[in-house]
A.B. asks: 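My structure is below; once you've seen it, I'll send some questions.
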Amino acid sequence: CSIKPSPEQPILSASDRLQRLNQLDEYQLTASLGIRSPDESVSGSLHWQQQQGDYQARMTNFLGIRVFSLDKADDVITLTMQGEDYQAANVSQLMFALTGWNLPVDDMPLWLKGVAGSNATAAEYDHLGRLIAFQLQEHDGMQWHIHYQEFFNDTLALPRRIEVQSDDIRIRLVIRNWQL
Amino acid sequence: EPQSEPEASDALRQQLDRIEHFHASFQQQVFDMQQELVQEGEGELWLLQPGKFRYVMHTPEPILFVGDGITLWFYNELLEQVTLFDATTELQRTPFALLMSDDRALWQDYRIESTGQGYRIMALDLSSPVQQLELIFSGDVLSEMQVQDLNGQFSVFRFDQINTDLDAFTLEHFQFVPPADVDVDDQR
């Protein structure tokens, strides 16, 4: 089914919701993604397709130009950027080296769906018990702050607006629809 | 370095000079390297000599991209963010500004060939995000533009011309005043 903002529905208890989010490992989403760094600002549509531990992600700008694609298959992540394919132990670091900006890729399949992984600290929750912010340290040591500004108002309350920030990189995601 | 066929670049120059002003709705389709359709969109485009353009995308997401020849404003409504660019330094990344530019020198960065229905414009800089542009005309009217990137992904814009007279193309049409609560990211 495709989830778009829909009328108020009973929300799951916090623990039931968290359990369902943790079990959710097959989903697709389309989002508007904006990445701002001191020397460059890029934006476009992100399409993310998750199947168990693997994912395919593509960012395309308004002209139809591919900004990057990320494919994870059996623990190998391939980054395609600027016309080249790369395989690296640390994709976030490689992205930064290539462009001066990056995303916290390691835990992205988790934070996209509003779940903090084992690298998360300082978790904050709202009155409904939903995770609304946490700190994240990636393998490359980069510190990120993740903040959920809005959720879809349906039973699962998946994230709709996410702000991700490190020292001088600010990422804004507005998820246009989820498909489970 | 292969040089453009001199006649092709002159012919393209004259063809573009004949586009005094242009207004059209467009359908956009994006195909990846395996020719899979990965994105569709639609919107409206205004062009005005010299150097002015207004690009309004309705789907897949609301985008407004305008340029008055000096400044470019890229407004992403959902992200509540507008990015300002200096027109001269951003021309390479913005085919619409390139088409309307009167800076002849700019064309030296491209190799131009005439095709049966129009022109193929290839970036000499092999790291340029826009690697190739193909323009298709029916008569003097721009009917299609194809943009190909470094990865071989390409985007096709099909234009339906709208007859709009010149006085509808006011300067404010090619400028943007950001709403109060929008983040302004000035990259100039």
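Predicted model only: the values in this text are computed from it and were never measured. Heavy atoms only: backbone and side chains are in, while hydrogens, waters and symmetry mates are out. Reminder, nothing fancy here: chain letters follow the sequence lines and each chain counts from 1.
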A.B. asks: For A:Ser43, which atoms come within 4.5 Å of any heavy atom of chain B: side chain, backbone, both, or neither?
C.D. replies: side chain

A.B. asks: Pick from B:Asn151, B:Ile63, B:Leu79: which one has the most heavy-atom pairs with chain A under 4.5 Å?
C.D. replies: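 Of B:Asn151, B:Ile63, B:Leu79, B:Leu79 has the most heavy-atom pairs under 4.5 Å with chain A.
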
A.B. asks: Working to the nearest 0.5 Å, report the span between CD of A:Gln19 and OG of A:Ser15.
C.D. replies: 7.5 Å

A.B. asks: For the residue pair A:Arg17 and A:Phe151, would you count it as a cation-pi contact if the rule is NZ or CZ under 6.0 angstrom from the ring centre and within 45 degrees of the ring axis?
C.D. replies: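 The answer is yes; both the distance and angle limits are met.
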
A.B. asks: Could you tell me which portion of B:Gln131 (side chain, backbone, both or neither) has an atom closer than 4.5 angstrom to a non-hydrogen atom of chain A?
C.D. replies: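 Neither part.
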
A.B. asks: Can you name the residues that form a salt bridge (Lys or Arg N to Asp or Glu O under 4.0 Å) with B:Asp181, not counting sequence neighbours?
C.D. replies: none

A.B. asks: Side chain from CB out, backbone as N, CA, C, O: work out which of these in B:Phe74 comes under 4.5 Å of a heavy atom of chain A, or both, or neither.
C.D. replies: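 Looking at B:Phe74, just its side chain touches chain A.
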
A.B. asks: For A:Glu40 and B:Gln187, which I'm curious about, is there any donor-acceptor pair between the side chains at under 3.5 Å?
C.D. replies: no

A.B. asks: By a 4.5 Å heavy-atom criterion (distance strictly below it), what part of A:Asp85 contacts chain B: side chain, backbone, both, or neither?
C.D. replies: neither

A.B. asks: Provide the full list of salt bridge (Lys or Arg N to Asp or Glu O under 4.0 Å) pairs with a residue in residues 30-41 of chain B, sequence neighbours left out, each pair given once.
C.D. replies: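 Passing the test, one end in residues 30-41 of chain B: no pairs.
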
A.B. asks: Would you say A:Lys113's side chain and A:Leu21's backbone share a donor-acceptor pair under 3.5 angstrom?
C.D. replies: yes

A.B. asks: Which region of B:Thr83, side chain (C-beta onward) or backbone (N, CA, C, O), has a non-hydrogen atom less than 4.5 Å from a non-hydrogen atom of chain A, or is it both or neither?
C.D. replies: side chain

A.B. asks: Please identify, among B:Val147, B:Leu126, B:Leu150, the residue contributing the most non-hydrogen atom pairs under 4.5 Å to chain A.
C.D. replies: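 Most pairs with chain A among the choices: B:Leu150.
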
A.B. asks: What orientation do B:His23 and B:Trp46 show, parallel under 30°, tilted 30 to 60°, or perpendicular over 60°?
C.D. replies: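 Ring orientation of B:His23 relative to B:Trp46: parallel.
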
A.B. asks: Heavy-atom distance under 4.5 Å to chain A: side chain of B:Val38, backbone, both or neither?
C.D. replies: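 Its backbone and side chain both get close to chain A.
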
A.B. asks: I'd like to know which of A:His47, A:Arg161, A:Met81 tops the heavy-atom pair count under 4.5 Å against chain B.
C.D. replies: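 The option with the most such pairs is A:Arg161.
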
A.B. asks: Please determine, among B:Asp183, B:Val30, B:Val156, B:Asn76, the option with the most heavy-atom pairs under 4.5 Å with chain A.
C.D. replies: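 Most heavy-atom pairs under 4.5 Å with chain A: B:Asp183.
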
A.B. asks: For chain B, which of A:Arg36, A:Arg58, A:Gln82 has the most heavy-atom pairs under 4.5 Å?
C.D. replies: A:Arg36

A.B. asks: Determine the option with the most heavy-atom pairs under 4.5 angstrom with chain A, choosing from B:Phe154, B:Phe96, B:Tyr55.
C.D. replies: B:Tyr55

A.B. asks: Apply side chain to side chain donor-acceptor pair (under 3.5 Å) to B:Asp185 and A:Ser41, showing your working.
C.D. replies: CA-CA 8 Å; B:Asp185 171 21; A:Ser41 164; 3.1 Å; yes

